[in-house]
Amino acid sequence: VQLQASGGGLVQAGGSLGLSCTASGRIFEIRTMEWYRQAPGKERELVAPISSDYITKYADSVKGRFTISRDNALNTVFLQMNSLKPEDTAVYYCKAYVRQAAIDYIAEEYWGKGTLVTVSS
């Protein structure tokens, strides 16, 4: 299973950016999908998860500004980021919990390589 993230780039503070991450390969079911980020010199942090039945949560730092969504038919998770701040600058990673076959009881976790988001002040 491979996860490919895209959509990062440079944006001014107050602007918007959308990320997407698509899973491919041998996939029977994708359970929770998540976005993480890692800022320079900091630990990787969970930004937002979304369950297979579309239940979402958000880190306090992004609540009200970011929206996570998914398209199960496309095996894709999205992150719409509005009102961006310089402190949102980070490499953003997607993660998915995937069952590769019906006989698999446990979903394995897979990470994408990350996409850089830079917010200028």
Side-chain angles (χ1 to χ4, degrees):
V1 175
Q2 298 82 39
L3 270 67
Q4 181 66 52
S6 61
L10 174 64
V11 63
Q12 287 189 332
S16 298
L17 208 57
L19 306 181
S20 64
C21 175
T22 299
S24 61
R26 186 182 177 204
I27 298 171
F28 172 73
E29 177 194 18
I30 301 179
R31 291 183 172 171
T32 298
M33 303 184 84
E34 300 172 334
W35 284 101
Y36 283 76
R37 68 184 181 185
Q38 186 166 19
K42 294 188 177 182
E43 293 188 354
R44 193 173 296 188
E45 63 171 349
L46 177 62
V47 175
I50 182 168
S51 68
S52 55
D53 53 357
Y54 307 103
I55 296 173
T56 61
K57 291 184 180 180
Y58 296 93
D60 288 342
S61 58
V62 307
K63 205 171 290 184
R65 300 188 298 121
F66 290 12
T67 301
I68 188 171
S69 60
R70 65 189 286 171
D71 186 326
N72 288 337
L74 297 177
N75 293 334
T76 298
V77 62
F78 305 95
L79 186 68
Q80 179 62 37
M81 304 181 293
N82 299 328
S83 302
L84 282 161
K85 305 175 181 179
E87 51 264 43
D88 294 319
T89 295
V91 177
Y92 284 71
Y93 299 88
C94 55
K95 183 169 80 169
Y97 292 84
V98 179
R99 291 171 63 204
Q100 290 189 282
I103 63 171
D104 293 340
Y105 179 73
I106 296 175
E108 301 288 340
E109 63 179 57
Y110 295 88
W111 288 88
K113 287 188 177 180
T115 184
L116 177 62
V117 172
T118 304
V119 184
S120 62
S121 57

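- One N or O on the side chain of R65 and one on the backbone of S83 form a donor-acceptor pair closer than 3.5 Å.
- Interatomic distance, NZ of K57 versus CG of L46, reported as 9.5 Å (0.5 Å rounding).
- Counting all heavy atoms, side chain and backbone alike, A48 lies closest to I68 at O-CD1, 3.3 Å.
- Placement of Y97 and Y93 in two distinct hydrophobic clusters is found when ILVMFWY residues are connected by side-chain heavy-atom separations under 4.5 Å, directly or transitively.
- By the criterion of side-chain heavy atoms lying less than 4.5 angstrom apart, applied directly or through intervening Ile, Leu, Val, Met, Phe, Trp or Tyr residues, Y36 is not grouped with L84; the two fall into different hydrophobic clusters.
- Within a 6.0 Å sphere centred on CD of E29, heavy atoms belonging to other residues, nucleotides or ligands number more than 12.
- At least one donor-acceptor pair closer than 3.5 Å links the side chain of R99 to the backbone N or O of D104.
- The side-chain heavy atoms of V62 and R37, taken from C-beta on, include a pair separated by under 4.5 Å.
- Using a 4.0 Å cut-off between a side-chain N of Lys or Arg and a carboxylate O of Asp or Glu, D60 and K63 qualify as a salt bridge.
- Put simply, the side chain of D88 does not reach to within 4.5 Å of the side chain of M81, judged on heavy atoms.
- For the side chain to side chain contact (heavy atoms under 4.5 Å, CB included) with I30, the lone residue among V77, N75, N72 that qualifies is N75.
- Aromatic rings from W35 and F66 are positioned such that their centres are separated by 6.0 Å or more.
- Atom CD1 of I106 and atom CZ of R31 lie 9.5 Å apart (nearest 0.5 Å).
- When atom types are taken as modelled, the side chain of T89 and the backbone of V119 share a donor-acceptor pair closer than 3.5 angstrom.
- When hydrophobic clusters are built by joining Ile, Leu, Val, Met, Phe, Trp and Tyr residues whose side-chain heavy atoms come closer than 4.5 Å, directly or via intermediates, I50 is grouped together with V47.
- Looking at residues two or more places apart in sequence or on another chain, you find a side-chain hydrogen bond (donor to acceptor under 3.5 Å, both in side chains) between Q100 and Y110.
- Contact between P86 and A13 at its shortest, heavy atoms only, is CD-CB, 4.1 Å.
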- Item | F78 vs T67, side-chain contact (heavy atoms from CB on, under 4.5 Å): CA-CA, chis, key distance, verdict | CA-CA 8 Å; F78 305 95; T67 301; over 6 Å; no
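- In this structure, the separation between NZ on K95 and CE on M33 is 12.0 Å, given to the nearest 0.5 Å.
- In the hydrophobic cluster analysis, where Ile, Leu, Val, Met, Phe, Trp and Tyr join through side-chain heavy atoms closer than 4.5 angstrom, W111 is grouped together with V91.
- A donor-acceptor pair is defined here as one N or O able to donate and one able to accept, closer than 3.5 Å; no such pair exists between the side chain of Y54 and the backbone of R70.
- Put simply, L3 and I27 are part of the same group of oily side chains (I, L, V, M, F, W, Y) that touch within less than 4.5 Å, one to the next.
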Sequence neighbours left out, cut at 3.5 Å: what donor-acceptor pairs do the side chains of residues 16-25 make with other protein atoms?
{"unit_1": "S16", "atom_1": "OG", "unit_2": "N82", "atom_2": "OD1", "d": "2.9"}
{"unit_1": "S20", "atom_1": "OG", "unit_2": "S6", "atom_2": "OG", "d": "3.1"}
{"unit_1": "T22", "atom_1": "OG1", "unit_2": "T76", "atom_2": "OG1", "d": "2.8"}

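- Minimum interatomic distance between A101 and F28 (heavy atoms only, all atoms of both residues): N-CB, 3.6 Å.
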